[in-house]
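Written out below as C-alpha cells is the structure these notes cover.
All values below come from the heavy atoms of this structure, side chains included, with hydrogens, waters and symmetry mates left out. Quick note: residue numbers are just sequence positions, from 1.
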Amino acid sequence: MDVSTLALNKVHPKWLALFPEEFSKAAEILNRISDYQPQPLDVFKVFTIDPGEVRVVIVGQDPYPTAGDATGIAFSVDRDAKLPKSLQNIFKELASDLGIVRASGNLQDWLEQGVFLINRILTTPTGNALGHANIGWEELTEKVIAYLGGEGAVALLMGAKAQELGKYFEKKLETAHPSPLSAYRGFFGSKPFSQINEMLDKPINW
C-alpha cells in the first residue's frame, strides 16, 4: 500500500466526499515527494475531525521545517519544552488575554473542540521552509477554507498571508502574525482568544 493511501485512511470520510478530486490530486503530490515534514501519516492530520464540527479556522503558512517539529496541525508540536517562537508568542498572548497558561505545545485539544488549524501548504522539505509552495497543496486547502467560511466558521487570520483568505469569512478576526518579526506589530495585545469566543455560541477552552 503506498504512502498516500495510508495517509488518506486517516482523513474523515466526509472530507473525501466533499473534495474527491482535490484529495486525489493531493495523493499524487504525496506520492512524488520525499524527505519532508511532517511525517507522511500526519500530513492530513487536521482532516481527522468531521467537517461539520469545525467552528474556528486558524490558517498557518506551511509546516515547521525542522525534523520532528511538524505534526500535521498548524503551529502544534508534540512536546512541552523549547517551543517554536511563534507558538511561544501565541501562548504569551493567551496568558495575557485569558490568563490561561499552557505547558504543552500539542494543540490536539483545540482541534478536538473544532479549531481547524490548517497550513496552506501541507508539507515542506526538511530544513527548507516554503520549499513546497506552488506544487498543488494550495488548491486543496483554499477550497477547504472557502467551504468552511461558507458554512459559518469563524476565522482567526494572523498575518498578511492568512488574511488573503478573509474574503471567505463573514466572521473573522485579523491580527499580525505571532512570529518574532511581527508579534509586536499587532499580535500582542490583540486579545484574539477572548474575541473569537465572543463570536461563538459555545466558547473554546483554549
Quick one: does [X]'s side chain get under 4.5 Å of [Y]'s, heavy atoms only?
X	Y	value
Val46	Leu111	yes
Lys92	Asn89	yes
Ser86	His177	yes
Tyr147	Tyr168	no
Leu122	Leu140	yes
Trp137	Arg120	no
Trp206	Arg102	no
Val77	Pro84	yes

Could you go step by step and tell me if Phe75 and Met158 meet the side chain to side chain contact (heavy atoms under 4.5 Å, CB included) rule? CA-CA 12 Å; Phe75 296 105; Met158 301 180 291; 3.7 Å; yes
Could you go through the side chain to side chain contact (heavy atoms under 4.5 Å, CB included) check for Ile145 and Ile118 one step at a time? CA-CA 9 Å; Ile145 290 165; Ile118 185 171; 4.0 Å; yes
Is it true that [X] and [Y] fall in one hydrophobic cluster, defined by side-chain heavy atoms closer than 4.5 Å?
X	Y	value
Leu181	Phe188	no
Val3	Ile135	yes
Ile49	Leu18	yes
Ile100	Trp110	yes

Which heavy atom in [X] sits nearest to a heavy atom in [Y], and how many Å separate them?
X	Y	answer
Ser182	Ala176	O-CB, 3.6 Å
Pro40	Leu30	O-CD2, 4.4 Å
Leu157	Gly166	CD1-CA, 3.4 Å
Phe44	Ala7	CD1-CB, 3.8 Å
Ala27	Leu8	CB-CD1, 3.7 Å
Lys10	Leu41	CD-O, 3.2 Å

Scan side-chain atoms only and decide if [X] and [Y] contain a donor-acceptor pair under the 3.5 Å cut-off.
X	Y	answer
Ser4	Asn31	yes
Thr48	His12	no
Thr126	Asp35	yes

Would Thr124 and Gln37 count as a side chain to side chain donor-acceptor pair (under 3.5 Å) if you check the C-alpha gap in whole Å, the side-chain angles of each, and the deciding distance to 0.1 Å? CA-CA 5 Å; Thr124 197; Gln37 301 298 317; over 6 Å; no
Would you confirm whether [X], through its side chain, and [Y], through its main-chain N or O, come within 3.5 Å as a donor-acceptor pair?
X	Y	answer
Ser190	Phe187	yes
Asp50	Gly52	yes
Gln113	Asn205	yes
Gln163	Thr175	yes
Lys45	Ile73	no

May I ask you to decide if the ring planes of Phe116 and Phe47 are parallel, tilted or perpendicular, using 30° and 60° as cut-offs?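 The rings of Phe116 and Phe47 stand perpendicular, inter-plane angle above 60°.
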Aromatic ring pairing Phe19/Trp15, orientation class (parallel under 30°, perpendicular over 60°, tilted between):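 Phe19 and Trp15: parallel rings.
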Measure the [atom1]-[atom2] distance between [X] and [Y] for me, rounded to the nearest 0.5 Å.
X	Y	atom1	atom2	value
Leu16	Glu21	CG	CD	14.0 Å
Phe91	Ser96	CZ	OG	15.0 Å
Gln88	Glu93	CD	CD	14.5 Å
Ile121	Lys161	CD1	NZ	8.5 Å
Leu148	Leu165	CG	CG	11.0 Å
Ile58	Leu117	CD1	CG	4.5 Å

Looking at Arg32, I want to see if its CZ is surrounded by more than 12 non-hydrogen atoms of other residues, nucleotides or ligands under 6.0 Å.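 Enclosed: over 12 neighbouring heavy atoms sit under 6.0 Å from CZ of Arg32.
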Around atom CD of Gln195, are there more than 12 heavy atoms of other residues, nucleotides or ligands at under 6.0 Å?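 Correct, the count exceeds 12.
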Given Asn197 and Ser194, is the side chain to side chain donor-acceptor pair (under 3.5 Å) satisfied, shown in steps? CA-CA 5 Å; Asn197 276 350; Ser194 58; over 6 Å; no
Please determine whether a side-chain nitrogen of the Lys or Arg among Asp201 and Arg55 lies less than 4.0 Å from a carboxylate oxygen of the Asp or Glu.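 Result for this pair is no, no salt bridge flagged.
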Can you list the steps and then say if Asp78 with Asn106 is a side chain to side chain donor-acceptor pair (under 3.5 Å)? CA-CA 5 Å; Asp78 284 335; Asn106 189 325; 2.8 Å; yes
Determine, stepwise, if the pair Met199 / Leu173 fulfils side chain to side chain contact (heavy atoms under 4.5 Å, CB included). CA-CA 10 Å; Met199 299 180 193; Leu173 177 64; 4.2 Å; yes
Verdict with supporting geometry, Leu87 and Leu107, side chain to side chain contact (heavy atoms under 4.5 Å, CB included): CA-CA 10 Å; Leu87 188 57; Leu107 304 180; 4.2 Å; yes
